[in-house]
Engineer: 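Take a look at this one; I'll ask things after.
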Amino acid sequence: MNNQTLAVKNEGISPSLGMIPQDYVEIKENLAVRVLEEEAGKKRLSVKLINEGWSKNGYYYSKEVAESIADHIKERPQMYMDHDTFGSMMGRSFKDLVAVAVDSYKDKGAAFAVVEMVDNPSTGWLYDLAKQFPGQVGASIDARAKVKEYEQDPEEGEAKTDERQKYVVEEIVFLNSVDF
């Protein structure tokens with residue numbers, strides 16, 4: 001599967017912090033971020049976690065799979081600056097902490113989170129940047145997922161095939177993080 005990490009499935013084992021499920025593919029997707037109105041000094045952003053349909057990375061998310069991310073973010077609410085370069089699920093440094101998800105919801109095949117910025121001198125500029133330049137700050141999902149290769153429906157014909165359409169995400173198994 002083109003440089004994807006796959007191994008034998010650990011039946012009945014639920015992934016926990018520090019345990020990397022060995023038979024699932026690591027996926028990373030870009031997300032939309034927008035500033036919400038400030039209230040009582042709280043700086044909040046709305047983050048679209050994932051959307052139903054084909055991603056730019058060649059993964060297809062059904063409505064159920066896309067919306068499931070709203071539940072996963074409750075288990076891993078911290079948002080950091082950049083993804084962990086080692087792919088570790090052992091935890092991250094507070095110096096890179098940018099925000100914490102305080103709410104999540106599902107809407108029409110998409111999952112969203114409302115995140116509150118933390119008072120971190122190293123990352124405080126990010127909120128101001130998102131406010132000054134709407135649409136220029138993004139976030140990215142880093143997760144483990146069960147996927148299968150995309151199989152073209154013979155009824156659709158070859159003309160509708162997009163070379164980026166490669167995999168169907170059957171299940172999000174573990175959310176490593178959602179990061180800026």
Engineer: Locate the shortest heavy-atom distance separating Tyr167 from Trp54; write the atom from each residue and the value.
Structural biologist: O-CZ3, 3.6 Å
Engineer: Which atom names give the shortest non-hydrogen contact between His72 and Phe174, and what distance separates them?
Structural biologist: CE1-N, 4.5 Å
Engineer: Could you state whether Leu175 and Leu49 fall into the same hydrophobic cluster, counting links through intermediate Ile, Leu, Val, Met, Phe, Trp or Tyr residues with side-chain heavy atoms under 4.5 angstrom apart?
Structural biologist: yes
Engineer: Only counting residues at least two apart or in another chain, list the ones meeting salt bridge (Lys or Arg N to Asp or Glu O under 4.0 Å) with Lys43.
Structural biologist: none
Engineer: With clusters defined by side-chain heavy atoms of hydrophobic residues (ILVMFWY) lying less than 4.5 Å apart, directly or transitively, does Val98 cluster with Phe112?
Structural biologist: no
Engineer: What distance do Asp96 atom CG and Met79 atom CE have between them, rounded to the nearest 0.5 Å?
Structural biologist: 13.0 Å
Engineer: Would a single hydrophobic cluster contain both Leu36 and Tyr105, if residues Ile, Leu, Val, Met, Phe, Trp and Tyr are joined by side-chain heavy-atom contacts under 4.5 Å?
Structural biologist: yes
Engineer: Considering non-hydrogen atoms only, spot the tightest contact between Val47 and Ala139 and give its length.
Structural biologist: CG1-CB, 4.2 Å
Engineer: Over all heavy atoms of both residues, which pair between Ala110 and Glu67 is shortest? Give the atoms and the distance, please.
Structural biologist: O-CG, 3.8 Å
Engineer: Which residues pass the salt bridge (Lys or Arg N to Asp or Glu O under 4.0 Å) test with Lys131, sequence neighbours left out?
Structural biologist: Glu38
Engineer: Under 3.5 Å, sequence neighbours excluded: what are the donor-acceptor pairs made by side chains of residues 113-123?
Structural biologist:
from, atom 1, to, atom 2, distance (Å)
Glu116, OE1, Arg44, NE, 3.3
Glu116, OE1, Arg44, NH2, 3.1
Asn120, OD1, Ser122, N, 2.9
Asn120, ND2, Phe94, O, 3.4
Asn120, ND2, Lys95, O, 3.2
Asn120, ND2, Leu97, O, 2.8
Thr123, OG1, Leu97, O, 3.3

Engineer: Using the ring pair (Phe, Tyr, Trp, His ring centres under 6.0 Å) rule, collect all pairs that involve residues 120-145, keeping only residues at least two apart or in two chains.
Structural biologist: none
Engineer: Taking only residues two or more places apart in sequence, or in another chain, which ones meet Phe180 in a ring pair (Phe, Tyr, Trp, His ring centres under 6.0 Å)?
Structural biologist: none
Engineer: Test Tyr61 against every option in Val168, Ile50, Asn51 by the side chain to side chain contact (heavy atoms under 4.5 Å, CB included) rule and name the one that passes.
Structural biologist: Ile50
Engineer: Which residues satisfy the salt bridge (Lys or Arg N to Asp or Glu O under 4.0 Å) test with Asp71, sequence neighbours excluded?
Structural biologist: Lys106
Engineer: Could you report the tightest heavy-atom contact between Ala70 and Ser104, atom names first, then the distance?
Structural biologist: O-OG, 2.7 Å
Engineer: By side-chain contact (heavy atoms from CB on, under 4.5 Å), which residues pair with Glu64, not counting sequence neighbours?
Structural biologist: Ser62
Engineer: Of the non-hydrogen atoms in Ala101 and Ile73, which two are nearest, and what is the gap between them?
Structural biologist: CB-CG1, 3.7 Å
Engineer: So does Ser177 get a backbone contact from the side chain of Arg76, meaning a donor-acceptor N/O pair under 3.5 Å?
Structural biologist: no
